[in-house]
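Down below is the structure, laid out as C-alpha cells.
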Amino acid sequence: MNDMRMPRLAALTGVTVLAAALTACSGGPPQACSAIGWTNQVRVHVTGDTAGVDAVTFCAGATCPVPAPPPTLAPAPGARSLTSHDGDVWTISIDMTTPRTGHLGAFDASGAPLIDQRVMLAWKRVGGTAECGGPERAEVTLWMP
C-alpha cells in the first residue's frame, strides 16, 4: 500500500471508532426536535355548589394578582382565559410555562367573584417526547361552598 494512504486510513479509522463510541455513550444519535410550540392546560374540576358558577379564571405564579373577572369584563395582567367548559370541568390554556402555584377564581353571570383559591400545580406531560418536551396538564379541584 502507498505510504501516503496509511496515515489517512488510520485517521479515518480513528474518527469512525470515536464516532461509534460517542454514539454508544449517548444512547444513540441525537434526536432532532421539530418546531416547538404548544400550550399547557390547567383542568379545573369544580365541585360543591356549582349552580352559580358562570366562569372560572386562572392566574399563574406565586405573585400573580387575584384572578380577574372573565374576559368579557376587563382581565387583569397575567390572567388566562377559559378555552373550554364541559359540565363542571373547565380547561384553561396557558403558555408553555409550568408554574408551581396559581390562583383560581370563580365568577357568577354578572362577573361578581364567588371564590378565590390559591392552588399548587403538579404537571404531567400529555404529548410530545421526553427529549423534546411537549404539552403538559395540571388537574386541580376548586371546591365551591
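Each residue takes its place number in the sequence, starting with 1. Both backbone and side-chain heavy atoms feed into the values below; hydrogens, waters and symmetry mates do not.
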*Compare every heavy atom of I92 with every heavy atom of T57, then report the nearest pair and how far apart it is.*
C-CD1, 4.0 Å

*Please report the C-alpha distance between I115 and M144 in whole Å, then the side-chain angles of each, then the deciding distance to 0.1 Å, and finally whether the side chain to side chain contact (heavy atoms under 4.5 Å, CB included) criterion is met.*
CA-CA 7 Å; I115 195 167; M144 299 300 298; 3.4 Å; yes

*Which value, rounded to the nearest 0.5 Å, describes the distance between T47 atom OG1 and W143 atom CH2?*
7.5 Å

*Could you state the interatomic distance from CH2 (W123) to CZ (R100), rounded to the nearest 0.5 Å?*
12.5 Å

*List the atom of H45, the atom of V89, and the distance in Å for their closest heavy-atom pair.*
ND1-CG2, 3.5 Å

*Locate the shortest heavy-atom distance separating S93 from Q41; write the atom from each residue and the value.*
OG-CG, 4.2 Å

*Kindly give the heavy-atom pair with the smallest separation between T50 and V46, and that separation in Å.*
CG2-CG1, 3.4 Å

*Point-to-point distance, once rounded to the nearest 0.5 Å, from CE of M96 to CD of E136*: 9.5 Å

*asked:* Measuring only between side-chain heavy atoms, which start at C-beta, is N40 closer than 4.5 Å to T97?
replied: no

*Among all residues two or more places apart in sequence or in another chain, which pass the salt bridge (Lys or Arg N to Asp or Glu O under 4.0 Å) test with R43?*
E139

_Distance, nearest 0.5 Å, that separates CZ of R125 from OG1 of T98_ = 12.5 Å

_If you compare all heavy atoms of L142 against all heavy atoms of A106, which two are closest, and at what distance to 0.1 Å?_
CD2-CB, 4.0 Å

*For a side-chain contact (heavy atoms from CB on, under 4.5 Å) with F58, tell me which candidate from V140, L121, V44 qualifies.*
L121

*asked:* What I'd like to find out is whether the side chain of P99 reaches to under 4.5 Å of the side chain of I94, using heavy atoms alone.
replied: yes

*Start with the C-alpha gap between H103 and R118, add the side-chain angles, then the distance that decides, and say whether side chain to side chain contact (heavy atoms under 4.5 Å, CB included) holds.*
CA-CA 4 Å; H103 280 91; R118 185 181 193 107; 3.8 Å; yes

*So do T101 and V119 actually touch side chain to side chain, heavy atoms under 4.5 Å?*
no

*For G52 and L114, work out which heavy atoms get closest and say how close.*
O-CD1, 3.5 Å

